[in-house]
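The structure appears below as structure tokens.
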Amino acid sequence: MTGIICGTGSYAPSYVMDNNEIAAMVDTSDEWIKERTGVATRHIIKGETTVSMACEAARRALLDSGVRAEEVELIIVSTISSNVILPCTACEVQRELGAENATCFDMSAACSGFVLAYNTALAYLSGGIYRTVLIIGSESLSNLTNWKDRSTCILFGDGAGAAVMKAGEGRAYLPVTCSDGGKGKALTCLSRHTPVESAHMNDPEYYMQMDGQAVFKFAVKKVPEAVNEVLRKNHVSKEEITWYVLHQANSRIVESVAKRLEEPIEKFPMNLQEYGNTSSASIAILLDEMKRDGRLKNGQKIVIAGFGAGLTWGASVMEWG
Ligand code: UT7
């Protein structure tokens, strides 16, 4: 028994902020941002919330899968930008969707969040505990962004992605998951909820702060290691993998991972040009785009890999459809 993704959905706010708009706020340029990160635009909330985006992505995933909200037995939302501390985002999504039979909880693992939500759902499905699970990554990172800090505000965007998973016959691949709390200071944010309390509005520690170079070096070393390990563990060869769907943080990270794995860059789809880094939503949004434009086909083997604050990282293999 395993868990199979049978529907995907995503949502991005309609407001699109380009690099020139950021260059009007901080000392940067469209050229610098594109060259160092690959990002050209990002979607930014104007009235949407982490819950509303999660709900829209989830509704689209349910429609795509043909599963009714009442059939969902578990909802996992991965987010670092919930609207409130209590209740959790997953319970708010349950209420809005009318998924009255679901058990709901949030996960906080930043940019590794979708991979860990997938693994958690897989464990519940493979173990026979649930048959239908909804996993969502939803982020309003613009609320946590210091719009005066050019080293971080260029990177992030808002959005949500969701997948419906069902129990089914097939192989349950083993994941690779890792954490290194000792290096947690590389990427921090003291704010617990949004909007940031006015008392802390001018305190940079209450927004995301990052040692960009440290995170970059960590990612380009640890992600290829995790991918190689997950393939080795599952006796899957690189030739069998059609797609490596990586967390969308920086095109140079994706390119470097491809090079270290000695795999063609064509196997590494990217949409960070449009969305920027949407943390736990990024992999889910990309999977949904690939499903909708026909790149994902039944039987393809795919690796998903996340990395980010914590530090956390990991990779999983899945068979599509
Ligand atoms: O989601 C997971 C977590 N996040 C990541 O994966 C991000 C990982 N890190 C990165 O993507 C990159 O480190 C950044 C894009 C954040 C920065 O790129 P970099 O090539 O590592 O730049 P840097 O920090 O080494 O800075 C190089 C120069 C510095 O100037 P000096 O000291 O050489 O004069 C910075 O002050 O670029 C300057 N700089 C900028 N210049 C124009 C930093 N940010 C900017 C900017 N515009 N926005």
Flag, side chain of N250 to backbone of R36, donor-acceptor distance under 3.5 Å: yes
Without swapping roles, check the side chain of N234 against the backbone of L174 for a donor-acceptor pair under 3.5 Å. yes
Using a distance-only test with no angle check, is there a side-chain donor-acceptor pair under 3.5 angstrom linking R42 and N19? yes
Beyond-backbone contact of I45 with M53, side-chain heavy atoms, under 4.5 angstrom: yes
Kindly indicate whether the side chain of L74, heavy atoms from C-beta on, has any atom under 4.5 Å from the side chain of V72. no
Given 3.5 Å as the limit, does a donor-acceptor pair link the side chain of S65 with the main chain of L62, or not? yes
Among residues two or more places apart or on two chains, list those pairs meeting salt bridge (Lys or Arg N to Asp or Glu O under 4.0 Å) that have a residue in residues 277-303. D64-K291, E240-K301, D288-R292, D293-R295
Is it possible for you to say whether L144 and V39 belong to one hydrophobic cluster, with membership spreading through side-chain heavy-atom contacts below 4.5 Å? yes
How long is the gap from CG on L97 to CD on E70, to the nearest 0.5 Å? 10.0 Å
Using atom types as modelled and distance alone, determine if a side-chain donor or acceptor of S112 lies under 3.5 Å from a backbone N or O of T312. yes
Measuring from Q94:CD to C55:SG, what's the distance to the nearest 0.5 Å? 11.0 Å
Counting heavy atoms not belonging to K259, are there more than 12 under 6.0 Å from its NZ? no
Determine yes or no for a side-chain-to-main-chain donor-acceptor pair under 3.5 angstrom, with T50 supplying the side chain and S81 the backbone. yes
Let me see the working for F114 and L287 under side-chain contact (heavy atoms from CB on, under 4.5 Å), right down to the final yes or no. CA-CA 11 Å; F114 189 77; L287 285 175; 4.2 Å; yes
Between OG1 of T37 and CG of L272, what distance do you get to the nearest 0.5 Å? 7.0 Å
Which pairs pass ring pair (Phe, Tyr, Trp, His ring centres under 6.0 Å) with one or both residues in residues 29-68, sequence neighbours excluded? H43-Y275
State, with a plain yes or no, whether a side-chain heavy atom of L261 is found less than 4.5 Å away from one of V227. yes
Between I302 and L296, does the side-chain contact (heavy atoms from CB on, under 4.5 Å) criterion hold? Intermediate values first, please. CA-CA 9 Å; I302 299 166; L296 293 181; 3.5 Å; yes
Roughly how far, to the nearest 0.5 Å, is the SG atom of C91 from the CG atom of L86? 9.5 Å
Heavy-atom side-chain proximity of P269 to V245 below 4.5 angstrom: yes
Would you say the side chains of T278 and E139 form a donor-acceptor pair under 3.5 Å? no
Donor-acceptor contact below 3.5 Å, side chain Q248 vs main chain N271: yes
For a quick test of reading the model, state the closest non-hydrogen atom pair linking A309 to A110 and the distance between them. CB-CB, 3.7 Å
Kindly say whether V51 contributes a backbone atom to a donor-acceptor pair with the side chain of E96 at under 3.5 angstrom? no
Please tell me whether I283 and I253 are part of a single hydrophobic cluster in this structure, the criterion being side-chain heavy atoms less than 4.5 Å apart. no
Any residue meeting ring pair (Phe, Tyr, Trp, His ring centres under 6.0 Å) with F156, in chain and number order, not counting sequence neighbours: none
Mind listing the closest non-hydrogen atom pair of S10 and A57 along with its distance? CA-CB, 3.8 Å
Between CG on residue D106 and OG on residue S82, distance to nearest 0.5 Å: 6.5 Å
From CA spacing to verdict: side-chain hydrogen bond (donor to acceptor under 3.5 Å, both in side chains), S142, D158: CA-CA 7 Å; S142 58; D158 300 331; 2.6 Å; yes
Shortest non-hydrogen contact from S138 toward T79: O-OG1, 2.7 Å
For R60, is there an ion pair with E56 - N to carboxylate O distance below 4.0 angstrom? yes
Please tabulate, one pair per line, all N/O donor-acceptor pairs under 3.5 Å involving side-chain atoms of residues 117-129, not counting sequence neighbours.
residue, atom, partner, partner atom, Å
N119, OD1, S316, OG, 2.6
N119, ND2, V115, O, 3.4
T120, OG1, L116, O, 2.7
S126, OG, L122, O, 2.6

A quick test of your reading: do over 12 heavy atoms of other residues, nucleotides or ligands sit less than 6.0 Å from NZ of K183? no
Taking only Lys NZ, Arg NE, NH1 and NH2, and the carboxylate oxygens of Asp or Glu, determine whether R252 and E255 approach each other closer than 4.0 Å. no
Does V254 reach the side chain of Y244, with side-chain heavy atoms less than 4.5 Å apart? no
For residues 163-173, the side chain to side chain donor-acceptor pair (under 3.5 Å) pairs (sequence neighbours left out) are Y173-E319
For I22 and C153, work out which heavy atoms get closest and say how close. CD1-O, 3.6 Å
Contacts table for residues 208-225: side-chain donor-acceptor under 3.5 angstrom, sequence neighbours left out:
residue, atom, partner, partner atom, Å
D211, OD1, A214, N, 3.2
K221, NZ, E225, OE2, 3.3

In one Ile/Leu/Val/Met/Phe/Trp/Tyr side-chain cluster, 4.5 Å: I135, M318: yes
Yes or no on side-chain contact (heavy atoms from CB on, under 4.5 Å) for V303 and L231, after CA distance, side-chain angles and deciding distance? CA-CA 9 Å; V303 169; L231 295 178; 4.0 Å; yes
Report yes or no: does T8 contribute a side-chain atom to a donor-acceptor pair with the main-chain N or O of A163 at less than 3.5 Å? no
Shared ILVMFWY cluster between W243 and I241, side chains joined below 4.5 angstrom? no
Would you confirm whether S282, through its side chain, and S279, through its main-chain N or O, come within 3.5 Å as a donor-acceptor pair? yes
Would you please test F268 and V257 for side-chain contact (heavy atoms from CB on, under 4.5 Å) and show each step? CA-CA 9 Å; F268 294 74; V257 171; 4.1 Å; yes
D18 side-chain N/O to T41 backbone N/O, donor-acceptor pair under 3.5 Å: no
CZ of R59: more than 12 outside heavy atoms within 6.0 angstrom? yes
Examine W320 and V67 and state if one hydrophobic cluster contains both, with Ile, Leu, Val, Met, Phe, Trp and Tyr joined whenever side-chain heavy atoms are less than 4.5 Å apart. no
Which pair of non-hydrogen atoms, one from S108 and one from I80, has the smallest distance, and what is that distance? OG-CG2, 4.1 Å
Exercise: identify the closest heavy-atom pair between L141 and T145: O-OG1, 2.8 Å
What do the steps show when you test Y15 against E48 for side-chain hydrogen bond (donor to acceptor under 3.5 Å, both in side chains), and what is the final call? CA-CA 10 Å; Y15 182 72; E48 293 97 337; over 6 Å; no
From I76 atom CD1 to L134 atom CG, the distance as rounded to the nearest 0.5 Å: 9.0 Å
